[in-house]
Each structure stands twice: as C-alpha cells, then as structure tokens.
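Notes to accompany the following structure.
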Amino acid sequence: MAEAQAPLRAPKGTQDVLWPESTRWAELVARFARRVGLAGYGLALTPLFEEARLFRRGIGEESEVVGKEMYEFTDRGGRDMALRPEGTAPVVRAFVQHHPPVPWKAWYVTPAFRYEQPQAGRYRQHHQLGVEVLGTDDPDLDVEVVSLAAAFYGDLGLRRVELSVNSMGCAEDRPAYVAALREYLASRRDELCDEHRGRLEANPLRVLDCKRPRCRAVTEEAPRMVDFLDEACAAHFGRVRAGLDALGVAHRLEPRLVRGLDYYTRTTFEFAATALDTAQNAVGGGGRYNGLAEAIGGPPTPGIGFGIGIERLLLACDAEGAFPLAPPVPDAFVVDLTGGEVARDLAEELRRAGLAAERAFDGRSAKAQLRQADRSGARLAVIVGAEELAAGTARVKDLRGTAPELAVARAAVVERVRALVAGREGGPS
RNA sequence: GUGGCCGUAGCUCAGUUGGUUAGAGCGCCAGGUUGUGGCCCUGGAGGUCGGGGGUUCAAGUCCCCUCGGUCACCCCA
C-alpha cells in the first residue's frame, strides 16, 4: 500500500490558471496580437527546450539567468538541453537557422523557466509576450519597438507605467567606459555595500544595478555610458530619443539602466509599473542586441526586441483596477424539463447559428436549471416543458431585461433569440 | 541560496492557559413553489486542521524536521 504522503500539487513557483481568470490571459494575448499585427509582426513558435549551449553563448555564461537559474537536463540521447529561460535567444536561433528575408518581425508568447526563490511576481515558470526584429540597425525601428510596448500597456488601460531608456554603447566604445567606471568605483570603494566592494573589478556594470542606498549614492555621480558613446552610437541614441518625443512616448534617461543579459548593445529600456509597491515592478524590458546572432553562430545581424511578463502585467492591472475580468456569457441557456433531448438539439441549433448557448445536464429541476442559467450570466432562457414539447414551441424568457416571455414555434427560436440579443424587443406576434 | 512572517471546509477567516464528535460567513446541493432564476426561510453535503515525527493521560493549539505561500536580499518579466 502507498504510504501517506502530501497531496500532489503544482510544482513550487508554478501556478494553474483556470477559468474564469484564464479568459483574461486569452484576451491579453489577443490584444497583443492585434497591436503588433498592425505593425506587421507575425507569430513565431519555437521549442520550449533548446540545446543548452544556445543560452550559454547567447545570454552569457556568467549571467545570473544561465549560471544559476537555468533548468538544464540531459535527455535520453545524452544531449545537454535546457528549458528556455527567456524568449529572445530561441527566436534569434530560428532566424539564423531559416534566414527569412529581413527585416524580419516576429512576436511570441511563451513560458519561461528560471530556478529561483518564488515570490509574488516572480515564478519558476512565468510567461512572456514579446517581439523581435532582425536585420536592421535603423534607430527608427528602436522607436517603433518601444512605442509598440507602450501602446500595448495603453490598450489594457494601464496608466501608471514609467519608461526608462539608456544606451549601452557597443563593442567599440564600451571598454573605455567600463575602465572609467571601474576606476571611479575603486576610488570610492569604501562607500560601496559589502557585496559590491569585492566584486567591482569583475563586473563594474553590476554595481549600477544595486539598489542599496550606499551604492546608489556612489553611482549617482558615477561616469555615464551616454557620455562615452562614440559618434555612431551617440547619433543612434539621439535619433531614438527624438523619435520617442515625436511620437509622444514619455520616457526618462536612466544612465544606470544596465540589463542583466549580456547580449544588449546600444538602446536598452525598461517599463516599471509604479502601482506595484513590490521589488518586482518591472513589467517589461528589452533592447538592442546587435551581437547576438553572431554569438550563436550566425551571420552578424542587428536585432532588437522586448519581453513583457504576463503575470506581473496582470498584477499591475489589478493594482490599478485596469483590464477587469470579463468572462463571456451565453446568449441563451436552454432549460429542458422533458428529459434532455430538446436541450441537446436546441443548444446545438443555436450554436450552429453562431449564438452562444449553454444548458444543464443530469435532468435537474426547473428551479436548479433556472438558477444555473442566472448564474451563467445568460441573457435569455429558452424553456421547454411537456406543454411546449407537445405544441412544438419553446418559451423565450428575458433574464436581464423586460422583454415579455413568449412561446414561439421551435423553428422560430433562433430568430427570436437573435432579435433579443441584438437589443430589439421583438413584440408579440 | 540566506533570513522574517504565515499555512484550519471551494473562498475569507474564528478556534480563549493543550481538554469530549473542529466552527462561522460566502459559495455549492436540496426543499419551501410535483414547470420559472435573482430576495427570503429551512435543511444538507463538504475538513488527512499542508505533510511527517516527538512531548503529553490528551495536540488545530507545544517542540523538531519537511513541503508550500509570502516579504526582503539577490536577480529580473
């Protein structure tokens, strides 16, 4: 016999999203698809797992995501595989593999897996919406990508979202900046927090991320990457900011914005939901990654994209009272008091006519069926008892309004339902 | 990975210094109305008190371990 043990449940850091909450997810993704579809982006579907070296090369061996958090496993064929920790690398891999015509615009919706300590807004499996564009370094594309994300937040009714932008330069100008930053931080080493005092040599950019007051006081006055940009990078960034201004996309320069994945170059950006008072208030972020395609073995190809975390986005919506839950309701609920055959046939007939129809099962009482009809939110009840069955009619009852309850011929039920749903009273005939 | 707080019905929560068969509200089911929902009344179903071990005559209550949630660090979506 099996010994007593804890009941099965969703793994730590994961969650089941059930109806009706899941209707928000479906609507969220639909609105995203519509928004980016208007700009010419098409859906890209790629595997949830890849060879682990894709992420090690693309994201960077030393990054937190790859180094400490990746779900890695050896498959039965001895291959070193990994569950995708983010959405960009697989899409770029697909681009390199299939070399579609450029500029290539893709969007995706995908789970992402990271082995971390869960808390609100941070999960071991979370879900991201995003876009990637490969094949052009045009700064106007950066503007398009950023403004798409901003527009999507607006589509959901979010108002309290702040956009930060920065430029991380490129392989030519960044070394000089890193050297200057390292020198500056070393000169004020004693003022840094314990953790970064020892690590500033290895990765000075990380110190810019630190949220502790001690480090922030130091980095406040640190050299800024934007002051080290070479001519081309400076021109690029200038055009990006001018473009955002031209489109009315409010943003603020955040010289300390350094994103965690190694592949970023030039433009980086992040959206923070200020309605969330937790540490997990980043609801989206991205940037340009002109070296990524080459890093994973493809031809040098500029690219840019962003990722948006669905769970956090919904938390932000809740915090603002935006994007409320609105599950679809049936147009009609068929109440059958004669054994169920009528409900079976009438519900099908209504559905074939394009109307949303529900019904009860298990031969429940009239009261129970009507109660279920009411709870379902159905606009109408279509009631058939012995009398109606004998007369070949059905009673159509308005559960939400004042239309009179009428007995209509079976053949006229669809028409009557359609008329009432369309908002017309449809007088007695 | 580290530390704080929390874990009782589907949900939100009571449960007094450890003391008989663990409660409420909401939700669900049924009846009141052998064919008409919402309001109301009555009744009912539903709980390994997260899991395991220990202390005790006796543990939801105390102790240890563990799992999960949450908050902070860290990192990011």
Side-chain angles (χ1 to χ4, degrees), chain A residues 2-15 18 59 62-70 84-88 109-130 149 193-196 199 203 206 209-212 215 257-261 268 270-273 276-286 305-316 333 335-338 360 362 364-389 394-400 405 407:
Chain A
E3 290 178 25
Q5 52 188 322
L8 283 168
R9 43 175 305 152
K12 178 172 180 165
T14 70
Q15 54 192 334
L18 308 180
I59 302 173
E62 318 78 21
S63 71
E64 201 83 10
V65 168
V66 170
K68 300 264 321 176
E69 299 174 351
M70 201 154 71
R84 53 162 56 176
E86 52 98 52
T88 299
V109 53
T110 181
F113 306 89
R114 296 180 196 175
Y115 192 89
E116 337 181 58
Q117 282 309 321
Q119 57 191 75
R122 203 177 76 181
Y123 309 99
R124 289 187 172 176
Q125 176 177 340
H126 75 277
H127 298 80
Q128 292 191 21
L129 290 163
C193 70
D194 294 347
E195 185 190 341
H196 287 114
R199 293 208 323 207
N203 203 342
R206 275 282 175 282
D209 251 348
C210 187
K211 293 182 197 109
R212 294 192 184 91
C215 278
L257 175 59
V258 177
R259 314 209 76 253
L261 311 179
T268 61
E270 195 166 286
F271 293 90
L276 295 177
D277 47 10
T278 63
Q280 280 73 236
N281 70 346
V283 291
F306 65 72
I308 290 174
I310 294 179
E311 289 86 349
R312 283 186 190 177
L313 193 54
L314 289 172
L315 288 173
F333 194 105
V335 173
D336 180 355
L337 308 172
T338 68
D362 302 315
R364 306 231 280 156
S365 69
K367 178 176 182 170
Q369 292 190 51
L370 262 307
R371 192 166 48 226
Q372 190 176 332
D374 183 50
R375 271 206 318 269
S376 76
R379 168 77 199 281
L380 305 169
V382 178
I383 305 166
V384 176
E387 275 180 37
E388 290 78 15
L389 185 61
R395 304 188 67 84
V396 179
K397 179 183 175 71
D398 186 354
L399 297 173
R400 312 293 153 191
E405 180 177 329

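Small disclaimer: the values here were computed from a predicted structure and weren't measured. Numbered from 1 within each chain, the chains take letters A, B, ... in sequence-line order.
No hydrogens or angles were tested; on distance alone, nothing pairs the side chain of A:E270 with the base of B:rA77 as donor and acceptor under 3.5 Å. Remark: the A:K367 side chain and the B:rG38 base include no donor-acceptor N/O pair separated by less than 3.5 Å. A donor-acceptor contact under 3.5 Å is not formed by the side chain of A:R371 with the base of B:rC28. In this model, no side-chain donor or acceptor of A:D374 finds a partner on the base of B:rG38 within 3.5 Å. Between the side chain of A:E388 and the base of B:rG35 there is at least one donor-acceptor pair of N/O atoms closer than 3.5 Å. Counting distance only, with no hydrogens placed and no angle test, the side-chain atoms of A:R122 and the base atoms of B:rA77 include no donor-acceptor pair under 3.5 Å.
At the phosphate of B:rC73, neither OP1 nor OP2 sits under 4.0 Å from any side-chain N or O atom of A:Q117. The shortest distance between the side-chain N/O atoms of A:K12 and the OP1/OP2 oxygens of B:rG68 is below 4.0 Å. Listed pair A:R375 / B:rC28 meets the phosphate criterion, a side-chain N or O lying under 4.0 Å from OP1 or OP2. Between A:R400 and B:rG37 there is no side-chain polar atom (N or O) within less than 4.0 angstrom of OP1 or OP2.
Among the heavy atoms of the strands lying under 4.0 Å from A:G13 are primed sugar atoms or P, OP1, OP2 only; no base atom is included. Within the 4.0 angstrom heavy-atom criterion, base atoms lie near A:E405. Heavy atoms of A:G130 sit nowhere under 4.0 angstrom from any nucleic acid atom. Within the 4.0 angstrom heavy-atom criterion, only backbone atoms of the sugar-phosphate kind lie near A:A120; the bases stay farther away. Looking at heavy-atom distances under 4.0 Å, A:G284 makes contact with sugar-phosphate atoms alone, never a base. Residue-level contact check: A:A368 touches the backbone only, with heavy atoms under 4.0 Å from sugar-phosphate atoms and none from bases. Counting non-hydrogen atoms under 4.0 angstrom, A:Q372 reaches nothing in the nucleic acid.
For A:R312, counting side-chain heavy atoms from C-beta on, the closest listed nucleotide (B:rC75, B:rC76, B:rU36) is B:rC76. For A:S365, whose side chain is taken as the heavy atoms from C-beta onward, the closest listed nucleotide among B:rC73, B:rA77, B:rG31 is B:rG31. The side chain of A:H126 sits closest to B:rA77 out of B:rC73, B:rG35, B:rA77. With B:rA30, B:rC74, B:rU36 as the candidates, the nucleotide lying closest to the side chain of A:E64 is B:rC74. You'll find that the side chain of A:Y115 is closest to B:rG1, out of B:rC75, B:rU36, B:rG1. Here B:rC76 is the nucleotide among B:rC76, B:rC75, B:rA30 with the atom lying nearest to any side-chain atom of A:R114. Comparing B:rC75, B:rA77, B:rU36 by their nearest atom to the side chain of A:E69 picks out B:rC75.
Comparing B:rC41 with B:rG23, their C1' atoms are spaced 22 Å from each other, to the whole Å. The same atom, P, is picked in B:rU2 and in B:rU61; the two are 26 Å apart, to the nearest Å. With C1' as the reference atom, B:rC39 and B:rG32 are 14 Å apart, rounded to whole Å. Using atom C1' as the reference point in both B:rA58 and B:rG54, the two lie 15 Å apart (nearest Å). Distance noted for atom P between B:rG7 and B:rC64: 16 Å (whole Å). Annotation: B:rG51 and B:rU8 have their P atoms spaced 10 Å apart (nearest Å). Here the separation of B:rG37 from B:rA30, taken at their P atoms, is 13 Å to the nearest Å. Separating the C1' atom of B:rA24 from that of B:rG15 is a span of 11 Å, rounded to the nearest Å.
Remark: side-chain polar atoms of A:R400 are paired, donor with acceptor, to backbone N or O of A:A378 under 3.5 angstrom. Judged by distance alone, the side chain of A:E388 and the main-chain N or O of A:G385 form a donor-acceptor pair under 3.5 Å.
In this structure, A:Q369 atom CD and B:rC28 atom C1' are separated by 17 Å, rounded to whole Å. Here the C1' atom of nucleotide B:rU2 and the CD atom of A:Q119 are 13 Å apart, to the nearest Å. Taking atom OH of residue A:Y123 and atom C1' of nucleotide B:rC75, one finds them 16 Å apart after rounding to whole Å. Residue A:L276 contributes atom CG, which lies 11 Å from atom P of B:rA72 at whole-angstrom precision. As a whole-Å value, the separation of A:D362 CG from B:rC28 P is 17 Å. Counting to the nearest Å, the C1' atom of B:rU36 and the CG atom of A:D398 are 14 Å from each other. Regarding A:R124, its CZ atom lies at a distance of 12 Å from the C1' atom of B:rG69, rounded to whole Å. Atom pair A:M70:CE and B:rC75:P shows a separation of 19 Å (rounding to whole Å applied).
Searching all strands for a Watson-Crick or G-U wobble partner of B:rU42 with both distances below 3.5 Å returns B:rA30. Using N1 to N3 plus N6-O4 or O6-N4 for Watson-Crick, or N1-O2 and O6-N3 for G-U wobble, each under 3.5 Å, B:rU2 pairs with B:rA72. Remark: B:rG19 base-pairs with B:rC57. Criterion, Watson-Crick or G-U wobble with two distances under 3.5 Å.
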**Request:** Take A:D398 and A:L380 through the test side-chain contact (heavy atoms from CB on, under 4.5 Å) and record every step on the way to the result.
**Result:** CA-CA 5 Å; A:D398 186 354; A:L380 305 169; 4.2 Å; yes
**Item:** Working for side-chain contact (heavy atoms from CB on, under 4.5 Å), residues A:R124 and A:Q117
**Value:** CA-CA 8 Å; A:R124 289 187 172 176; A:Q117 282 309 321; 4.0 Å; yes
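Tested against A:E311, the residues A:Q128, A:Q125, A:H127 include a single side-chain contact (heavy atoms from CB on, under 4.5 Å) partner, A:H127.
Between A:G285 and A:L399, it is A:L399 whose nearest contact on RNA chain B lies nearer the 5' terminus. Nearer the 5' end of RNA chain B, as judged by each residue's closest nucleotide, is the contact made by A:V384, out of A:I308 and A:V384.
Residues A:A149 and A:I308 share a closest heavy-atom pair of CB-CD1, 4.5 Å.
Note on A:R364 versus A:D336: no salt bridge recorded, every NZ/NE/NH1/NH2 to OD/OE distance being 4.0 Å or above.
A distance cut-off of 5.5 Å between ring centres, combined with a plane angle under 30°, leaves A:H127 outside any stacking arrangement with the base of B:rA77.
In this structure, A:F113 CZ and A:E69 CD are separated by 14.0 Å, a value rounded to the nearest 0.5 Å. Within the model, atoms CZ of A:F271 and CZ of A:R312 stand 15.0 Å from one another, a figure rounded to the nearest 0.5 Å.
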